[in-house]
Every structure is written in C-alpha cells, then in structure tokens.
Amino acid sequence: MTTVVWFKRDLRTRDHAPLVAAASLGEPVIPLYVIEDEYWQLPDTSGRQWAFIRDSLDDLDRQLRKAGSRLLVMRGSVIDTLKQLQARQDVKRVFCHQETGGHWTFERDKAVIGWCSENQVEFREWNQFGVVRRLGDRNVWDRAWTELMRQPVLEAPAKMPEMKAIEASVSGRGSLDFRLPDSCPDRQVGGSARGEKLLTSFLDRRCVGYQYNISSPNTAVRACSRLSPHIAYGTVSLREIYQEAKATGNHRNTLPRKKKSLTSFRSRLHWHCHFIQKLEDEPELEFRAMHREMEALKTGPNDTERLQRWQEGQTGWPLVDASMRALNHSGWINFRMRAMLMAIASYQLWLHWRDPALHLARLFTDFEPGIHYSQTQMQSGLTGINALRIYNPVLQSRKLDPEGEFIRRWIPELAGVPSEMIHTPWLMTPAQKERYGGNTYISPVCAHEQAARVARKAVGDFRKQQVSKTETDRVLLRHGSRKGPVQKRPRVPSKQQSDQLSLFD
C-alpha cells in the first residue's frame with residue numbers, strides 16, 4: 001500500500017510530521033505537490049509567489065533525493081491527481097499538514113477529504129502552526145500554541161521507502177515549466193537552504209536591536225528576520241525558528257540587549273498564529289469585515305483614479321509612494337510601511353478595504369491569508385475592537401526617513417530635493433523646484449490632513465449610530481487577544497489620538 005504525502009504550505013523535510021509518519025510505515029511513499037491552475041487564477045495570487053514556491057520545490061526535491069526519494073510535481077486538480085495515482089499505485093493513505101487558507105483552498109480541502117472517504121483512502125492532517133481547528137474557547141488558545149511550540153523538532157527522514165515508478169502516461173507530470181508573468185527583480189529566493197541561512201544570520205548578529213530597527217524602511221531590510229516567506233510556505237518550520245530563537249536568547253553568553261531583541265522576535269511568532277487563528281475561526285473574513293456592521297461603512301465602487309494612483313505609487317506623498325514602489329520591486333516591505341499603505345488607502349483615500357487588500361496580497365511574496373485579511377481590516381478600522389489609528393504621511397516620513405534616503409532611492413523625481421523639503425515637495429516654490437528638481441513628481445491626490453479629519457469623523461459618527469454593543473462583544477469574544485492587558489471596547493476616536501499604529505493590539 002502507498003502513502004501520498006501532499007505538500008502545500010510546508011515545503012521542507014525537517015520537522016515535517018506527515019512525512020516522518022509516512023516514512024515510518026516502511027511502505028512506498030509518494031511526496032506530491034500539485035500545481036492547481038484554478039488557485040493561480042485567484043485575485044490574491046501572483047507570479048512572485050509562484051516563483052518563490054518554484055525555488056522551494058527544487059530545494060525540496062534535493063532534500064528528498066538525499067533520502068532516496070524524489071518529489072512528484074503534477075498539474076491539475078488534487079482529486080484528479082489522486083485518482084490517477086490510485087489507479088496505478090494502490091494509494092491507501094493521504095497525509096498532509098492543515099492549511100488555513102482562503103475560501104478556495106478551504107473548499108478544495110473539504111473536497112479532497114470527501115473523495116478520500118468515498119474511496120476508502122485514509123486521510124490524516126497534522127498541525128504545523130499554533131492554530132487550533134474547531135477552537136471552542138479562545139481562552140485556551142494560548143496554552144495550545146505554547147504546547148505545540150515546545151514539542152521536539154522532528155528530524156528529516158534519513159531514508160525514505162522507495163516509491164513505485166510513476167508511469168509516463170500519468171498526465172500532469174513535468175509541470176515545473178508552469179509560469180506566471182510578474183516583474184519582481186529583487187524577490188527573495190525560496191527553499192529551505194535559504195531559509196536556514198537567513199535564520200542563522202539573524203540569530204548570530206542581525207537580531208541585535210531588532211525591536212528598535214524594524215520600523216524604519218531604511219534599517220528594517222536587515223533588522224527584520226526576512227523569514228516571512230519561508231514561514232508562509234513552510235520551507236523552515238515555525239517551531240524550529242521559535243526554539244532556536246529561544247535557545248540563543250537563553251544562552252549564558254547572550255548579552256542582555258540581544259536577549260531582549262529575541263524575546264521581542266518570539267512574540268511576533270506568537271502574533272503570527274494569533275492572526276491566522278482569526279481566519280481559521282471565521283473564514284468569511286476574506287470577503288467581509290470582521291465587525292459585520294462595519295461593512296456598511298463604505299458602499300459603492302471605489303474611486304478608480306485614487307485606487308490606481310495608490311497602486312502605482314503616485315499619491316504625491318513621498319513615503320507612501322516610495323513604499324509602494326519598493327514593495328512592487330522586491331515583494332517585501334516592513335510591517336510599519338504595510339500598515340501605513342493600507343491605512344492611507346482606507347482613510348485619506350476613503351477606499352473600500354477589499355480592493356487595496358487584494359492588490360497588496362498580490363505584491364507580497366510572503367502573502368499569508370490568515371494574517372493578511374485580518375490585518376488589512378484592522379488597519380482599516382473594521383474590527384470594532386481595535387483603536388482607530390490614522391497615519392499622517394508627513395509625520396511618518398519625517399520620523400522614519402528623516403534624511404529622505406529611502407524616498408530618494410525609490411522616487412528618482414525627488415533625487416535632488418534637500419532633506420528639509422523632501423517630505424512635502426508640494427510646498428516648494430517654483431524657484432525651488434527649478435533649482436532642486438521635483439517638477440515631474442505628481443501633486444498630492446488630496447489634502448491629507450483634511451481627508452484624515454473627514455475620515456475620522458465619518459467613522460466616529462458611523463460607530464455611534466450604526467455599531468451595536470452586541471456585535472462588538474461577539475467579535476471580542478471570538479477574536480480578541482487573551483494574552484497581556486485585557487482588550488476593551490474602543491472609545492469614539494478623538495482628534496488627539498496618536499497617528500501611530502502599534503505592531504500589536
């Protein structure tokens with residue numbers, strides 16, 4: 001009898017429970033990855049995501065070959081693939097990791113489970129993240145997460161039972177020539193080897209000062225672990241990252257500053273699963289606001305010109321545009337700039353959250369549905385349990401890029417503008433523009449301070465008139481954090497409220 005190990009967002013051999021379990025049976029194992037055309041037609045997928053996966057599949061195949069096996073990559077639907085394999089390989093088991101994805105993958109997984117049940121094929125799933133399926137009580141989530149992170153990291157199988165020869169007639173083979181056009185010149189390279197190298201360099205030296213250096217786009221490129229796409233596609237296990245970070249932080253030779261930085265980093269790993277749990281508990285968050293009554297805040301189609309200018313990095317606010325252009329070029333930008341981009345789209349540009357969320361999803365090489373949709377809603381003021389925070393693009397620019405280094409790199413139109421003028425180029429006189437340049441940079445799409453005031457008032461009025469305590473309490477009970485200070489219902493936003501968006505709420 002043959003066991004299929006179905007790889008999804010877990011492209012590694014180390015700390016891979018389904019693979020270890022299949023290898024221990026001593027019977028033929030088929031390591032399988034399926035390229036699903038329908039998935040890659042979804043509005044939140046992109047070529048840069050596939051390119052990272054493509055790198056990772058090559059690396060996964062190398063890992064498997066060391067153990068005497070190899071990766072089978074097929075193209076089509078998972079059920080059609082399993083049908084073909086069952087007809088030729090006597091497939092009796094399908095082992096895989098749980099995946100908290102969007103609606104499409106959720107329905108796909110249910111269909112695969114149904115097919116296995118109908119065809120007497122054993123289907124088993126393992127949990128690789130601190131996400132609890134069918135969680136009945138949010139109060140027990142933190143304990144479950146901690147227990148999973150403390151379990152031993154599983155070594156990759158040293159020897160895999162040989163899989164039977166796959167006949168050439170099996171359709172869908174040789175599918176790694178699949179391509180999706182997407183220009184992303186500075187995209188991160190995928191694969192476990194790259195991920196392990198990043199983890200080592202981060203724990204050795206780059207982590208020092210982590211909590212202070214991750215906000216500025218100038219320092220975040222090196223200060224952040226840059227492991228996010230590797231976590232998203234499972235080339236390195238979250239548990240291994242957590243345990244190695246903890247061991248390094250607790251080592252007797254680790255200095256206090258480094259220890260503090262790694263404690264901060266580990267809290268982000270906890271945060272990662274906390275947000276994915278939200279989508280696991282309420283899959284509809286992909287399409288509607290977490291606080292259901294807040295979905296009615298904005299109706300009708302978005303302003304297409306404003307949306308396009310935001311997408312192209314042409315809002316006229318330098319830090320916003322530089323962030324969007326940098327993200328388009330590399331597929332990555334730090335969390336603070338991600339939050340700012342979404343908040344600007346939601347408040348100053350007054351766009352419905354869904355279009356900006358989909359655009360950012362396509363640009364993120366590290367797109368993780370569970371984090372992405374709940375985060376974009378939080379940054380749009382749609383959760384009902386988080387404080388309303390509106391970014392001031394000028395204040396953020398002066399604070400995080402005071403000399404305009406990041407702005408000049410990504411907005412060549414402003415390359416010659418002095419630091420004191422680069423944050424508000426629209427205030428330059430014609431003579432100053434003639435002297436320093438900046439004539440070709442677009443004027444702001446609107447007056448950001450006035451737009452922020454209007455947005456704050458509109459959200460505040462809507463909350464007072466349309467938002468019920470019953471719905472807010474439902475969201476808090478289902479999704480609110482249970483670790484740290486108890487969350488309370490936010491007050492009506494005030495003009496004195498900070499423009500900052502903290503990493504944790």
Side-chain angles (χ1 to χ4, degrees), residues 8-20 56 97-100 126-133 135 138 140-156 188 190-211 214 223-280 334-335 366 368 370-371 375 481-484 503-504:
K8 295 184 278 185
R9 284 178 172 257
D10 52 353
L11 306 179
R12 63 181 185 275
T13 57
R14 180 171 166 79
D15 201 30
H16 197 292
L19 189 67
V20 171
S56 302
H97 274 121
Q98 292 177 1
E99 177 182 4
T100 302
W126 282 259
N127 191 359
Q128 67 168 338
F129 289 152
V131 176
V132 181
R133 187 145 288 177
L135 178 66
R138 197 54 150 102
V140 306
W141 177 82
D142 181 67
R143 183 170 69 251
W145 185 89
T146 302
E147 289 175 356
L148 184 69
M149 290 301 112
R150 288 177 175 173
Q151 291 175 12
V153 171
L154 302 172
E155 294 296 331
Q188 283 186 252
S192 297
R194 291 279 185 159
E196 295 284 359
K197 186 175 180 180
L198 278 173
L199 177 59
T200 298
S201 69
F202 179 71
L203 297 180
D204 283 352
R205 57 190 183 279
R206 290 192 295 113
C207 66
V208 178
Y210 169 82
Q211 67 273 40
I214 60 175
C224 289
S225 73
R226 304 303 303 274
L227 287 165
S228 56
H230 295 278
I231 295 173
Y233 298 107
T235 60
V236 184
S237 91
L238 188 76
R239 178 164 51 202
E240 179 179 3
I241 294 170
Y242 176 83
Q243 292 188 11
E244 289 200 22
K246 187 171 185 179
T248 301
N250 291 340
H251 194 277
R252 64 181 182 274
N253 293 334
T254 299
L255 296 175
R257 187 184 179 203
K258 184 175 183 179
K259 184 174 209 161
K260 186 176 181 181
S261 296
L262 288 175
T263 299
S264 178
F265 171 69
R266 293 202 310 274
S267 72
R268 267 76 174 172
L269 302 180
H270 183 276
W271 169 92
H272 164 278
C273 297
H274 164 70
F275 272 90
I276 295 178
Q277 185 70 51
K278 295 175 188 286
L279 187 64
E280 177 69 33
N334 59 317
F335 178 85
D366 57 9
E368 175 67 69
I371 296 176
Q375 271 291 306
S481 173
R482 303 299 196 268
K483 189 173 184 179
L503 185 57
F504 305 105

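Side-chain atoms of L135 and V140, non-hydrogen and from C-beta on, do get closer than 4.5 Å to each other. Proximity of E244 to L199: side-chain heavy atoms (C-beta onward) are separated by under 4.5 Å at one or more points. Taking 4.5 Å as the limit, every side-chain heavy atom of Y210 sits out of range of all side-chain heavy atoms of L262. In this structure, Q277 and T100 have side chains that are not in contact, with every pair of non-hydrogen atoms separated by 4.5 Å or more. Side chains of E280 and R133 form a contact here, defined as non-hydrogen atoms less than 4.5 Å apart. Looking at heavy atoms from C-beta onward, H230 lies out of side-chain contact with R12 at the 4.5 angstrom threshold. No side-chain heavy atom of D10 sits under 4.5 Å from any side-chain heavy atom of L19. Within the 4.5 Å cutoff, side-chain heavy atoms of T248 are placed close to those of K258.
Looking only at atom types and distance, the side chain of S264 has a donor-acceptor partner in the side chain of R268 under 3.5 Å away.
Among F265, F335, W145, F129, the one residue that satisfies the ring-ring contact (aromatic ring centres under 6.0 Å, His included) test with H272 is F129.
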Checklist line | Chi angles and distances behind the side chain to side chain donor-acceptor pair (under 3.5 Å) call for S261, R257 | finding: CA-CA 6 Å; S261 296; R257 187 184 179 203; 5.6 Å; no
Item checked: Criterion side chain to side chain donor-acceptor pair (under 3.5 Å) on H274 and D142, from CA distance to verdict -> CA-CA 8 Å; H274 164 70; D142 181 67; over 6 Å; no
Item checked: Criterion side chain to side chain contact (heavy atoms under 4.5 Å, CB included) on I231 and L269, from CA distance to verdict -> CA-CA 10 Å; I231 295 173; L269 302 180; 4.2 Å; yes
Check: Going through the distances and angles, do R138 and K278 end up as a side chain to side chain contact (heavy atoms under 4.5 Å, CB included)?
Finding: CA-CA 10 Å; R138 197 54 150 102; K278 295 175 188 286; 4.1 Å; yes
Item checked: Criterion side chain to side chain contact (heavy atoms under 4.5 Å, CB included) on Q128 and H16, from CA distance to verdict -> CA-CA 8 Å; Q128 67 168 338; H16 197 292; over 6 Å; no
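One distance of note links CG of N127 with NE2 of H97; it measures 8.0 Å at 0.5 Å rounding. Rounding to the nearest 0.5 Å places CG of N250 at 7.5 Å from OG1 of T263.
Nearest heavy-atom pair across A232 and D366 is CB-O, 3.8 Å. Here the closest non-hydrogen pair linking V153 and E240 is CG2-CA, 3.9 Å. Taking each heavy atom of S225 and F202 in turn, the nearest pair found is CA-CD1, 3.6 Å. When all heavy atoms of V132 and A144 are compared, the pair lying nearest together is CG2-CB, 3.8 Å. Contact detail for M149 and R239: the closest heavy-atom pair is O-CG, 3.6 Å. For the pair L11 and S56, the tightest heavy-atom approach, listed with the atom from each and the gap, is CD1-CB, 3.7 Å.
At least one donor-acceptor pair under 3.5 Å links the side chain of R206 to the backbone N or O of L198. A distance-only check finds a donor-acceptor pair linking the side chain of W141 to the backbone of G130 [under 3.5 Å]. Looking at T200, its side chain does come within 3.5 Å of a backbone N or O of E196 through a donor-acceptor pair. Without hydrogens or angle criteria, Q243 side chain to Q151 main chain gives a donor-acceptor distance under 3.5 Å.
More than 12 heavy atoms of other residues, nucleotides or ligands shown are found within 6.0 angstrom of CZ on R9.
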